[in-house]
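First the structure, in the form of structure tokens, and then the observations on it.
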Protein chains: 2
Amino acid sequence: MSGRPKIFDNEAVISKAAEVFWRQGYEATSTEDLLAAMGIGKGSFYLAFKGGKKELYEKVLEQFDQAAVSRFRKELDAAADPIEYIREFFRGIARQPKKIHQKGCIFGNAVAELSNIDPLLMKQATHHLQELEANFLEALQRGKQQGILTSKLDPALLARLLLNNWNGLGITRRMYPDNELLSTLIEAQLRILD
Amino acid sequence: MSGRPKIFDNEAVISKAAEVFWRQGYEATSTEDLLAAMGIGKGSFYLAFKGGKKELYEKVLEQFDQAAVSRFRKELDAAADPIEYIREFFRGIARQPKKIHQKGCIFGNAVAELSNIDPLLMKQATHHLQELEANFLEALQRGKQQGILTSKLDPALLARLLLNNWNGLGITRRMYPDNELLSTLIEAQLRILD
DNA sequence: TTCTTTTTGTACTACCCGGTAAAGAATATA
DNA sequence: TATATTCTTTACCGGGTAGTACAAAAAGAA
């Protein structure tokens, strides 16, 4: 059964690759960039990821999604006020360093870059963003149940507005990688939750 | 002085190239893609655009900006109600065909794709988006002068909110290339103008 | 016509890149 | 130790790409 032991951990190298993809995008990243970042050779890479760069990118998106979604759900469950949690979620953007602002949202990046290049990958990125939207919706519904959210807007519409704000911030934060400016912008956006 | 006559018009081929760049992005577009779309050969191309793909992309962004800005200003000047003009500007998105939705905003695309690849091009794209923001601002200020805009928010902040909505729509319209859905979303966003 | 200027078409070069193949290394098991 | 299994290393291949070089073509001017 078990032959030569693997020198690397799959999740670990996916996470290494994620950083490069996130920073440079899909097309601008060569497999050699990825190999260098992951610290493995071609042989190992194509053995572990037979689909090459494309499969790796899928895995990267999935890993990102797993981490983000599980964290969101956990924190939301722990939050007494789900609406305030959404607020803090957005406010968190305005606490991040410039390097992060410059990378934007990897899912939004994927949607923008791959719509007419690789529709399948684009569809997956879209799906992940829809999960974020679903999380917003769940928080909003809980807020409504608890009587915290008084807005008369349909929660589904509200969730979509939040998603669009998120998508916009993925671009705007690169134009203005300035936390004070972003904070002002975000606070104004959050008034739809009042 | 005058040698062999040019077979093509610069602005015309830039506009041809624009379509390809807009659809595929910068990195995914090869110079041969561009030559095919422009209908000229390598010799002519490198003579007219010594900077190659990069210079052409700059020109494309500039041409887009020229067209968009001049149209915006002209229509805004002609509009009796500048706030309603902004509304119509956004509503127009929800009247466009799927093919356009799939391409998003070329400036947003450039910002997303090139932030960490070619900072100079990214900066130019940012500048063009800031011109859009400035146009929003001008319209808002005129609306305030005319007493049409009653919002208590700082017009500059309002313009930035509109810009962020625009940036978001560049992504969201690809996730949901559905004009009815987009219309609902946009109408909800426009309530910040009430 | 002949010369000059500018554009065009094409051939060429040097390079990079994704992917494969094959041989060798490291382990468990018998 | 011998064998089977799995992973790693490295060399290689075919294809595509950006950019250059150069000769031919198309005009005006002398």
Side-chain angles (χ1 to χ4, degrees), chain A residues 1-61 110 113-114 116-122, chain B residues 1-21 23-61 110 113-114 116-121:
Chain A
M1 277 285 137
S2 75
R4 180 170 178 172
K6 226 175 171 170
I7 206 174
F8 63 92
D9 172 63
N10 264 28
E11 292 302 311
V13 301
I14 290 172
S15 144
K16 291 280 189 189
E19 217 290 312
V20 184
F21 272 136
W22 190 12
R23 178 158 33 84
Q24 305 190 338
Y26 182 76
E27 289 285 342
T29 300
S30 68
T31 51
E32 312 220 350
D33 286 341
L34 295 165
L35 294 179
M38 295 189 291
I40 64 177
K42 280 196 173 184
S44 307
F45 172 63
Y46 281 105
L47 185 68
F49 306 93
K50 304 211 196 310
K53 187 167 112 165
K54 193 163 159 174
E55 183 186 340
L56 180 59
Y57 193 70
E58 285 181 35
K59 299 271 170 68
V60 161
L61 291 183
E113 185 182 0
L114 300 173
N116 300 292
I117 302 297
D118 192 315
L120 233 124
L121 286 178
M122 180 273 190
Chain B
M1 280 298 126
S2 73
R4 179 170 178 171
K6 225 174 172 170
I7 206 175
F8 63 93
D9 172 63
N10 264 28
E11 291 302 312
V13 301
I14 290 171
S15 146
K16 291 280 188 189
E19 216 291 311
V20 183
F21 272 135
R23 177 157 34 84
Q24 305 191 336
Y26 182 75
E27 290 284 343
T29 300
S30 68
T31 51
E32 311 222 350
D33 286 341
L34 295 166
L35 294 179
M38 296 189 290
I40 64 176
K42 281 196 171 182
S44 307
F45 173 63
Y46 281 105
L47 184 68
F49 305 94
K50 304 210 196 313
K53 187 166 112 165
K54 194 163 158 174
E55 182 185 341
L56 181 58
Y57 193 70
E58 284 180 36
K59 298 273 170 67
V60 161
L61 291 183
E113 185 182 359
L114 300 173
N116 299 293
I117 302 297
D118 192 315
L120 232 124
L121 285 178

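Residue numbering restarts at 1 for every chain, and letters A, B, ... go by the order of the sequence lines.
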**OP:** Please name all residues satisfying side-chain contact (heavy atoms from CB on, under 4.5 Å) with A:Thr31, sequence neighbours left out, ordered by chain then number.
**Re:** A:Tyr46, A:Lys53
**OP:** Check whether any side-chain nitrogen or oxygen of B:Thr31 sits under 4.0 Å from OP1 or OP2 of D:dA18, and answer yes or no.
**Re:** yes
Subject >> Gap between atoms CD and C1', on A:Glu32 and D:dA11 respectively (whole Å) >> reply: 13 Å
Original post:
Considering residues at least two apart in sequence or located in another chain, which fulfil the side chain to side chain donor-acceptor pair (under 3.5 Å) criterion with A:Lys6?
Top reply: A:Asn10
Original post:
Roughly, in whole Å, what's the span from CZ in A:Arg4 to C1' in C:dA23?
Top reply: 12 Å
**OP:** Please list, chain by chain and in numerical order, all residues satisfying side chain to side chain donor-acceptor pair (under 3.5 Å) with A:Ser15, sequence neighbours excluded.
**Re:** none
Original post:
Just how far, in rounded Å, is P of C:dT20 from CG of A:Leu35?
Top reply: 14 Å
Subject >> Residues forming a side-chain contact (heavy atoms from CB on, under 4.5 Å) with A:Ile7, sequence neighbours excluded >> reply: none
Subject >> Parallel, tilted or perpendicular, as decided by the 30° and 60° cut-offs, for the rings of B:Tyr57 and B:Phe21 >> reply: perpendicular
Subject >> side-chain contact (heavy atoms from CB on, under 4.5 Å) involving A:Leu47 - partner list, sequence neighbours excluded >> reply: A:Lys50
Original post:
Using rotation axes that map the C1' atoms of four end pairs onto the next four (five pairs an end), what angle separates the end axes of the helix from C:dT1-D:dA30 to C:dA30-D:dT1, to 10°?
Top reply: 10°
**OP:** Could you list by number each residue of residues 16-27 of chain A showing a heavy-atom separation from DNA chain D of less than 4.0 Å, or answer none if no residue does?
**Re:** none
Original post:
Under 4.0 Å: is that the gap between some side-chain N or O of B:Ser2 and OP1 or OP2 of D:dA27?
Top reply: no
**OP:** Go through the structure and list residues passing side chain to side chain donor-acceptor pair (under 3.5 Å) with A:Glu58, not counting sequence neighbours.
**Re:** none
Original post:
By side-chain contact (heavy atoms from CB on, under 4.5 Å), which residues pair with A:Ala18, not counting sequence neighbours?
Top reply: A:Val60, A:Phe64
**OP:** Determine which pairs satisfy salt bridge (Lys or Arg N to Asp or Glu O under 4.0 Å) with at least one residue from residues 9-19 of chain B, sequence neighbours left out, and list them in order.
**Re:** B:Glu19-B:Arg23, B:Glu19-B:Lys103
Subject >> Euclidean distance, A:Met122 CE relative to A:Leu61 CG, rounded to 0.5 Å >> reply: 12.5 Å
**OP:** Under 4.0 Å from any atom of DNA chain D, heavy atoms only: list the residues of residues 36-61 of chain A that qualify, in numerical order.
**Re:** A:Gly43, A:Ser44, A:Leu47
Subject >> Residues forming a salt bridge (Lys or Arg N to Asp or Glu O under 4.0 Å) with A:Lys54, sequence neighbours excluded >> reply: A:Asp118
**OP:** Mind calculating the distance between CZ (B:Phe8) and C1' (C:dT7) to the nearest angstrom?
**Re:** 8 Å
Original post:
Between B:Pro5 and B:Ser30, which is nearer to the 5' end of DNA chain D once each is assigned its nearest nucleotide?
Top reply: B:Ser30
